[in-house]
Amino acid sequence: MSGIGRKEDEVRRMLEGPHPQVPADLAERAAERGGRMLRRQRAVRALGLLVLIAAMAAFTVWAVTVQPWQVPPAETTPPLGGW
């Protein structure tokens, strides 16, 4: 018998046997856990968005004060020739 046939037979035997009792409050506990997971995901997403906005604001303030797009002034004067 192949490995797949053996596994199928095991699954059939498990499904034919006695089924365990499901707790009465299983649906309630699952809904509570799902709600907690959703609230946690929303909080993490909001925190990430807040960090992103703060980083953008800090970059904007830095760019306005430093102005990296401007050419820095020359340290030496060019040689004067042709006098």
Decide whether Met56 and Leu50 are clustered together by the hydrophobic rule: side chain heavy atoms of Ile, Leu, Val, Met, Phe, Trp, Tyr closer than 4.5 Å, transitively.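 Shared cluster, no.
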Between Trp62 and Pro68 the two heavy atoms that sit nearest each other are CH2-CG, 3.8 Å
Set out, in order, the CA-CA distance, both residues' side-chain angles and the distance that settles side chain to side chain contact (heavy atoms under 4.5 Å, CB included) for Arg29 and Arg33, then state yes or no. CA-CA 6 Å; Arg29 291 189 316 198; Arg33 184 172 182 199; over 6 Å; no
Could I get the full list of side-chain hydrogen bond (donor to acceptor under 3.5 Å, both in side chains) partners for Gln21, not counting sequence neighbours?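 Listed in chain order: nothing, the list is empty.
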Presence of salt bridge, Arg12 and Asp9, under 4.0 angstrom: yes
Rounded to the nearest 0.5 Å, how far does [atom2] of [Y] lie from [atom1] of [X]?
X     : Y     : atom1 : atom2 : answer
Arg13 : Glu16 : CZ    : CD    : 9.0 Å
Met14 : His19 : CE    : NE2   : 11.0 Å
Arg39 : Arg42 : CZ    : CZ    : 8.5 Å

For Ile4, the option from Arg6, Lys7, Glu8 that meets side-chain contact (heavy atoms from CB on, under 4.5 Å): Glu8
Hey, is CD on Gln70 packed in by over 12 heavy atoms from elsewhere, all under 6.0 Å?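 Buried by this count: over 12 neighbours within 6.0 Å.
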